[in-house]
Amino acid sequence: MIRNTFLAGITRYWWLPLLTGLVCLGLGIWCICSPSQSLPIMAMAFAVCLLAVGIFDAVWGLATIKHNPGWGWDICLAVIDIVAGIWMLSMTPAQMTITFLYIVGIWLIFAAFSGIGQMFTIAVYNPFATVLAVILLVITIFFSFWLIINPVGLGVAAWMWIGIALCCYGVFKIAFGLKVRKIRNQLS
């Protein structure tokens, strides 16, 4: 009974992770397809998207507070997203450009670890999907660490690393949202 109450509570807001995934996937595709765009424009777009993702994650965490034992981690990630987005938007374009690569790498690491925790919450319903999701998130972590270790040395390739990491995380969040929706339909 407790498990069904928990799942009914979190499945009600299945569309929030889906929106987060769409934002991340869109930004990842843009990073890959637009390497000639200037760094300040990409950093500004990232800051705005980071703020939006933070708001979506905050709503998800607060909406599932009664039913989700991991709601604190969701809120923590949302606060990090929102603070980082506001902080980046308050910088000059030159400062934003310098910090952008580090911020995106660190943010993706936190987001991927949060995603791993979210997947284990619903692992009972599809262990195979959980394994695939964790693989996507580990790839996200790998590309993020590589970006943090050598952002300047990567040069133009940094956009590819960022794009791949954002796409992997976006695909995970979309799949997670759709899986939560499927669980909701099974409970109904």
Side-chain angles (χ1 to χ4, degrees), residues 1-30 45-90 103-141 144 165-188:
M1 181 64 167
I2 292 173
R3 185 149 187 81
N4 284 344
T5 303
F6 161 73
L7 289 171
I10 67 167
T11 59
R12 181 175 175 192
Y13 303 101
W14 64 270
W15 51 273
L16 287 167
L18 180 71
L19 285 175
T20 301
L22 290 171
V23 169
C24 290
L25 182 62
L27 187 57
I29 291 170
W30 189 43
F46 177 78
V48 169
C49 288
L50 188 60
L51 187 59
V53 165
I55 292 168
F56 291 143
D57 282 346
V59 171
W60 165 263
L62 292 172
T64 62
I65 207 166
K66 293 180 182 176
H67 310 285
N68 183 0
W71 67 268
W73 290 109
D74 295 331
I75 297 296
C76 181
L77 178 62
V79 169
I80 291 169
D81 292 346
I82 292 168
V83 168
I86 291 170
W87 178 56
M88 286 184 71
L89 289 172
S90 69
I103 294 292
V104 72
I106 292 167
W107 173 78
L108 280 166
I109 289 169
F110 277 103
F113 278 114
S114 174
I116 289 170
Q118 290 173 341
M119 270 318 290
F120 285 116
T121 301
I122 62 169
V124 159
Y125 284 89
N126 191 340
F128 182 70
T130 301
V131 170
L132 290 177
V134 170
I135 289 170
L136 272 176
L137 294 169
V138 168
I139 292 169
T140 301
I141 293 167
S144 300
L166 282 170
C167 285
C168 286
Y169 183 68
V171 167
F172 158 72
K173 287 299 265 190
I174 291 168
F176 179 75
L178 293 175
K179 182 63 181 170
V180 170
R181 179 176 175 239
K182 184 177 177 182
I183 293 170
R184 178 187 173 146
N185 291 341
Q186 289 174 349
L187 292 174
S188 299

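None of the values given here were measured: they were computed from a predicted structure. Nothing fancy with the numbering, it's 1 onward along the sequence.
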To the closest 0.5 Å, what do you measure between CZ (Arg184) and NZ (Lys179)?
15.5 Å
Which value, rounded to the nearest 0.5 Å, describes the distance between Leu62 atom CG and Leu16 atom CG?
10.5 Å
Ignoring hydrogens, what is the shortest heavy-atom contact between Ala165 and Leu108? Give both atom names and the distance.
CB-CD1, 3.4 Å
Only counting residues at least two apart or in another chain, list the ones meeting side-chain contact (heavy atoms from CB on, under 4.5 Å) with Leu132.
Phe128
Hey, are the side chains of Asp57 and Asp74 touching, using non-hydrogen atoms and a 4.5 Å cut-off?
no
Go through the structure and list residues passing side-chain contact (heavy atoms from CB on, under 4.5 Å) with Val83, not counting sequence neighbours.
Val79
Nearest heavy-atom pair of Ala45 and Trp30: which atoms, and what distance?
CB-CZ3, 3.1 Å
Nearest heavy-atom neighbours spanning Ile75 and Ala58
CD1-O, 3.8 Å
With side chains defined as the heavy atoms from C-beta onward, is the minimum distance between Cys167 and Ile29 less than 4.5 Å?
yes
How many angstroms lie between CG in Leu51 and CZ in Phe46, if you round to the nearest 0.5 Å?
11.0 Å
For Phe176, enumerate each residue passing the ring-ring contact (aromatic ring centres under 6.0 Å, His included) test, keeping only those at least two apart in sequence or located in another chain.
Phe172
Distance-minimising heavy-atom pair for Ala47 and Met88:
CB-CB, 3.7 Å
Only counting residues at least two apart or in another chain, list the ones meeting side-chain contact (heavy atoms from CB on, under 4.5 Å) with Trp87.
Ser90, Met91, Thr99, Ile103
How many angstroms lie between atom CD1 of Ile80 and atom OG of Ser114, to the nearest 0.5 angstrom?
9.0 Å
Does the side chain of Cys24 come within less than 4.5 Å of Val53's, by heavy atoms?
yes
Tell me, do Tyr13 and Val59 make a side-chain contact under 4.5 Å, heavy atoms counted?
no
If you look at every heavy atom in Gly105 and Ser144, which pair is closest and at what distance?
O-CB, 3.4 Å
Check whether Thr64 reaches the backbone of Trp60 with its side chain - one donor and one acceptor, N or O, closer than 3.5 Å.
yes
Ile174: partners by side-chain contact (heavy atoms from CB on, under 4.5 Å), with sequence neighbours left out
Leu18, Leu22, Leu25, Leu178
For Asp81, the side-chain hydrogen bond (donor to acceptor under 3.5 Å, both in side chains) test, sequence neighbours excluded, returns Trp107
Knowing that exactly one of Thr140, Leu27, Val171, Val23 qualifies, which makes a side-chain contact (heavy atoms from CB on, under 4.5 Å) with Leu166?
Leu27
